[in-house]
Amino acid sequence: MDRIPSSDFLRDADQVFDARGALKACLELVDEEKCAPKILNRVRLERSARVISAYELMVTPGPLQTEAYARALYTSRVPACTEEEVAARSAFVAGARTA
């Protein structure tokens, strides 16, 4: 597997080799190479957005969470929550859903 050069490396190489911005021009392409093809369009949209209110790719937003789902999130996070923190946080989610 080929390594993708970092942004700092490209900036420094552009200066050292007097590339007159040719390597700096590749920064956006290099950033896109780090993305999985299936999310590349989302990354491009994000980059051009003036404002991003909110989005969730991997987690259900708080108001839609069940107590069991919240408990699973808190028990699997790193660093791990204590059992007291898990109980308090998942109870909060359950209480927020009924309020």
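- Remark: Ala36 pairs with Lys38, Ile39 by the side chain to side chain contact (heavy atoms under 4.5 Å, CB included) rule, at least two apart or across chains.
- With sequence neighbours left out, Glu83 forms a salt bridge (Lys or Arg N to Asp or Glu O under 4.0 Å) with Arg71.
- A 6.0 Å sphere centred on CZ of Phe9 holds no more than 12 heavy atoms belonging to other residues, nucleotides or ligands.
- The salt bridge (Lys or Arg N to Asp or Glu O under 4.0 Å) search around Asp18 returns none, not counting sequence neighbours.
- The OG1 atom of Thr82 sits 8.0 Å away from the CZ atom of Arg89 when rounded to the nearest 0.5 Å.
- Listed by chain and number, the residues in a salt bridge (Lys or Arg N to Asp or Glu O under 4.0 Å) with Arg11 are Asp8 (sequence neighbours excluded).
- For Ser76, the side chain to side chain contact (heavy atoms under 4.5 Å, CB included) criterion is met by no residue, not counting sequence neighbours.
- The salt bridge (Lys or Arg N to Asp or Glu O under 4.0 Å) check on Arg44 picks up Glu32, with sequence neighbours excluded.
- Here Tyr74 sits in one hydrophobic cluster together with Val86; the rule is ILVMFWY side chains under 4.5 Å apart, joined directly or through other members.
- Taking every heavy atom of both residues into account, Asp14 and Ala22 meet most closely at OD1-N, 3.2 Å.
- Summarising the geometry, atom CG belonging to Leu10 is positioned 13.0 Å from atom CD belonging to Gln15; distances are rounded to the nearest 0.5 Å.
- With sequence neighbours left out, the side chain to side chain contact (heavy atoms under 4.5 Å, CB included) criterion links Ala25 to no other residue.
- The local environment of CD in Glu85 is crowded, with over 12 non-hydrogen atoms from other residues, nucleotides or ligands closer than 6.0 Å.
- Rounding to the nearest 0.5 angstrom, the gap separating the OG atom in Ser7 from the CG atom in Asp12 is 10.5 Å.
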